[in-house]
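Note on naming: letters A, B, ... go to the chains in the order of the sequence lines (proteins, then strands), and numbering restarts at 1 for each one. Since this is a predicted model, take the numbers as computed values, not measurements.
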Amino acid sequence: MIQKSTTLTIDGAEVAFTEGETLYEVAQRARRPIPTLCYDPRLEPFGSCRLCVVQVEGVRNPVASCTTPAAAGMVVHTSTEAIEHHRTTLLELVVSENRQVDVDPLRGYASQELTTLVDRYQARTGRFAGAQSGTSHSEDDNPFILRDYDLCISCNRCVRVCAEREGDYAIAAGGRGFQKQITTEFDSILKDSSCTFCGQCVQTCPTGALADKKALRAADIEEPIEKTRSVCPYCGVGCAVDLMTKGEQLVGIQPAMDGPANEGALCVKGQFAFDFVQHRDRLKQPLVRGVDGQLHETDWDTALDRAAEGFRQVADKHGRHAIYGVASGRTPSEADYCMQKFIRRGYGTHYIDNCSRA
Amino acid sequence: MALAYRLLHMLKPNQTEASTAELIAHWQEKPAPLLGLLHALHDRDGYLSDESLRAVSEGLPIPLADLYATVTFYHHFARTPPGQRAPRVCTGPICSQRGARDVLHALDDAREMPCAGRCDHPSPVLVGQQVFTAASDATLTPIPSPLPPINPSAYEECLFAHIRDAGRHTMAGYRASGGYRGLEKALQKTPGDLLALLEESRLAGRGGAGFPTGQKWRAVSEATGSPKFVVCNADEGEPGCFKDRALLDHDLHALIEGMILAAYATGATSGFIYLRYEYPETLDRLETALEEARSDGLLGRQIGGKDFHFDLCIRRGAGAYICGEEGSLLNSLEGKHPYPRNRPPFPVTHGFNDCPTAVNNVETLAAVGPIVARGAEWYRNLGLGENAGTKLISLSGDVRRPGNYEVPLGLPLQTLLNDWAGGPLPGRQIQAVTMAGLSGGFLAEKDLEVTLDDPSIRACGSFLGAGGIMVFDDRRDMVDVAAQAMHFFADESCGKCFPCRIGTQRLSERLSGTDGPSAWTDWQSEVEDIGSAMASTSACGLGVAAPHITQSLLKYFPSQIQRHLANQQDLP
Ligand SMILES: Cc1cc2nc3c(=O)[nH]c(=O)nc-3n(C[C@H](O)[C@H](O)[C@H](O)COP(=O)(O)O)c2cc1C
Ligand code: SF4
Ligand code: SF4
Ligand code: SF4
Ligand code: FES
């Protein structure tokens, strides 16, 4: 199908667009700095924060650019004085409903979005004092996700990512109005819900209301956070991750939003199961069992000889099909290749599999 | 305790003893099953238990977290006993000035409910499936839904012309005074003829937004998707509005005729009536009328012997003002969380189940039969001056004869207040009236000279909306009235968009004095900034309209606000 391309005017410049694009998408291409809080490019536009409103000539009220389809000939103004004033008011309102705005960047990938905007609009004015919204779930003692809803601004990004990207539908927005509260079935703790602890809600949350508990263990370490791009070692999907380190210590993992296989998604293993990397129990030397029945450190040659000897005895005694190789889900493709070669050529059997096949 | 006991015995027996599995099997097969199923379980047990919700979640299916969250959205779904059996007392703007709070305290387990649409006979108390009227000593009497007062003028009525006829709510009574003649006439013509006739009549939506009905139906008829639907918006949640109630209770075949005509004009094959929870007896009356229409061949297959098939069913809301907003209503019908929808697309192309849908108010639909029967010109000429047609006005509060009136559009407000409704109570003066229920805010002073039509009212910064007008005389503290109004909007905000979710809360705090600055200039600047951000950026009409309250209060009653602020400063 050929996509019809037409043009509209944004802040005086004529911009081409493709049918189906929203005003926000067109404006982004035109490098107009429209603020957003409820927007996540991976999700269906929701239209709750209203910061992205723009004025379209001929339309009485401003429209939300994230939900409004671009139409030929529209004349759009993205930052009139009136609109900038409303944006400041909206941010002042948001600041007024929260315990705090500055949060540790360890909390999550998007956790600085609100802080950044509030600073850009100088919206820490102390206006609009009143009741605070959101009740934190301090009783939820799961080891991964902090549910600090005192900081929640009800943008629904967590709910939407859980439904649209993860397919878990574990969380939803209960109640209404100012009493709206992110909740689970029967307001249970996450462990008793259909949450799979993939952490995607944490990473899309623009306020740090949902936070990475494991990363926050390193909150008191002085050094700055450094991020190193890598690939999750656990399974064949190959999710791209950013390893967060402070000094020499691996303190947390964030998904790469531009990871080709995962686009910001991870599962519980890739997201939270990294403690083994620097764990004191981690094996650094091969061990072999001695005649005393105990494991003893040894060198690689000895260990490999012992293993080879074991395999040979089994094959001699029971035949080549008594050997069955299962490659680890954590091995890269090259190692998988070697593994199947080893089983096929070495033992002459096709009994070879991989645990991430399921 | 004695009173609660008596109440229990006044209740109708539980309608069903069916098992949860049977109810699920029954509703699974129906369109828009969720609300119907939840009500069946709620009616059976008096509340929605965890087990019921788990079974519904599996049966429909719908994710349990979504279901739980959606149940918590509605006022009237109880999760624990005494649940549905607990009396709900209207504490709307009118009832709360007529002793409703005393009633609330006198009844065991009683809970507040927002305006329940009986402002012409306060104060309604809902117990189970029955509406009672509470006297000041909290004795409850079942009182039928009041009829409109006799037409006090020489102007011809359209909608109320026969509503006071005995037996009008039955098929025989309706036919006796010319009912279904419009439908017969329309079926002789093409749907295109009907669309043209409606456009000529200049009938516009009576639910609040005033969109031309002919144009809306044409858009549905020309939309490519199928099947098509007609949805009657009978949610009537706007405080001070009770005109749909009168039609629904006393002239319900007019509504059904209007819906059949809508289906014929648009090509719709099924329809829904979305009825507010607070009108339980209306539900029974509607069910009976639908049966009558079915057995007369007016609903079902081959209506009028033509290749025209249409049937409709009723779904009951569960207590949420926002479900009167059409996008929210459609989400509610579909069993989704009832947030308003982003527009475009509009319901005319993407309505119920994303199919083309005409959503119309009760009053709009009920006008169509008479228009077809008597002609577009007749209807247009009912209005005064440039205005076409009539509008139902629900008038309540401090006037001698509150009630529903059918006015020609363009009638001076003062004529309605003084000549029709008898004017203020003895020795009193009218201080202010609301427009559009609460959504239009207040009119006062010289703006009480408006005529009842949108151009005139909009010039004063308000709008006619669904036609609820509440009257406040010189005894009333307008800041208190405004505070209660904003409290309503804050309670009913769906919570989706930031300006309304936080804005209604902050305005409510500032009006009631529980928070916010006490210096006048700071107060004014905060309230104005919040109001203008809400009016300009809210995602739906609730948040856009709510600041009419504060804007009009600032316009007419700045000294009353200053007095409140001064009193706050005097507090220790
Ligand atoms: C907050 C809100 C509440 C509304 N409540 C109602 C209602 O109770 N009944 C109604 O008919 N329309 C209501 N409307 C208007 C509907 O969205 C819609 O415009 C109307 O049902 C269309 O019918 P009409 O064209 O016949 O007026 C409401 C709108 C808003 C924003
Ligand atoms: S928890 Fe975070 S992502 Fe979820 S609604 Fe609140 S602020 Fe938004
Ligand atoms: S284990 Fe999880 S995070 Fe890691 S690559 Fe597989 S799916 Fe991605
Ligand atoms: S304006 Fe209010 S009711 Fe409407 S979508 Fe926003 S929060 Fe919901
Ligand atoms: S980004 Fe458009 S409303 Fe939030």
Closest-packed option against chain A by number of heavy-atom pairs under 4.5 Å, given [options]:
{"options": "V71(B), D529(B), T504(B)", "value": "D529(B)"}
{"options": "G516(B), S532(B), P344(B), G503(B)", "value": "S532(B)"}
{"options": "M534(B), R343(B), E492(B)", "value": "E492(B)"}
{"options": "A65(B), S525(B), S57(B)", "value": "A65(B)"}

If we define contacts as heavy-atom pairs under 4.5 Å, which of [options] has the most with chain B?
{"options": "C38(A), A131(A), P45(A), S133(A)", "result": "A131(A)"}
{"options": "I171(A), T183(A), N156(A), I153(A)", "result": "I153(A)"}
{"options": "T67(A), L51(A), V53(A)", "result": "T67(A)"}
{"options": "A163(A), A173(A), G47(A)", "result": "A173(A)"}
{"options": "G175(A), P69(A), A64(A)", "result": "G175(A)"}
{"options": "R60(A), H86(A), Q181(A), H85(A)", "result": "H86(A)"}

Heavy-atom proximity to chain A below 4.5 Å, by part of [X]:
{"X": "R510(B)", "value": "side chain"}
{"X": "V544(B)", "value": "side chain"}
{"X": "S538(B)", "value": "backbone"}
{"X": "S536(B)", "value": "both"}
{"X": "A535(B)", "value": "backbone"}
{"X": "D522(B)", "value": "neither"}
{"X": "A490(B)", "value": "backbone"}
{"X": "Y68(B)", "value": "side chain"}
{"X": "F489(B)", "value": "neither"}
{"X": "Q505(B)", "value": "side chain"}
{"X": "N342(B)", "value": "side chain"}

So does [Y] get a backbone contact from the side chain of [X], meaning a donor-acceptor N/O pair under 3.5 Å?
{"X": "N98(A)", "Y": "L151(A)", "result": "yes"}
{"X": "D235(B)", "Y": "G237(B)", "result": "no"}
{"X": "R501(B)", "Y": "G177(A)", "result": "no"}
{"X": "Q132(A)", "Y": "R99(A)", "result": "yes"}

Mind listing the closest non-hydrogen atom pair of [X] and [Y] along with its distance?
{"X": "L554(B)", "Y": "W520(B)", "result": "CD2-CH2, 3.7 Å"}
{"X": "S508(B)", "Y": "M486(B)", "result": "N-CG, 3.5 Å"}
{"X": "P338(B)", "Y": "S332(B)", "result": "CB-CB, 4.1 Å"}

Assess, by modelled atom type and distance only, whether the side chains of [X] and [Y] contain a donor and an acceptor separated by less than 3.5 Å.
{"X": "E92(A)", "Y": "Y121(A)", "value": "no"}
{"X": "T20(B)", "Y": "E51(B)", "value": "no"}
{"X": "T80(A)", "Y": "Q55(A)", "value": "no"}

Chain B heavy atoms under 4.5 Å from [X]: which part of the residue, side chain, backbone, both or neither?
{"X": "D168(A)", "answer": "neither"}
{"X": "C155(A)", "answer": "both"}
{"X": "V63(A)", "answer": "neither"}
{"X": "P62(A)", "answer": "both"}
{"X": "A170(A)", "answer": "backbone"}
{"X": "S96(A)", "answer": "both"}
{"X": "S154(A)", "answer": "both"}
{"X": "I83(A)", "answer": "neither"}
{"X": "L90(A)", "answer": "side chain"}

More than 12 heavy atoms from other groups under 6.0 Å of NE2 on H75(B): yes
Distance flag, aromatic centroids of Y321(B) and F488(B), threshold under 6.0 Å: yes
Identified side-chain hydrogen bond (donor to acceptor under 3.5 Å, both in side chains) counterpart of R147(A) within the set D140(A), T135(A), N142(A):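 Answer to the side-chain hydrogen bond (donor to acceptor under 3.5 Å, both in side chains) test with R147(A) among D140(A), T135(A), N142(A): D140(A).
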Row check, F46(A) ring normal vs K496(B) NZ/CZ: under 6.0 Å, within 45°: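 Relative to the ring axis of F46(A), which defines the angle, K496(B) lies inside both limits.
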Side-chain heavy-atom pair C540(B), I322(B) within 4.5 angstrom cut-off: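 Answer yes - side chains close enough.
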Heavy-atom side-chain contact between E25(A) and F17(A) under 4.5 Å: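 Heavy-atom side-chain distance check fails, nothing below 4.5 Å.
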E526(B) and R506(B) ion-paired at < 4.0 Å: no
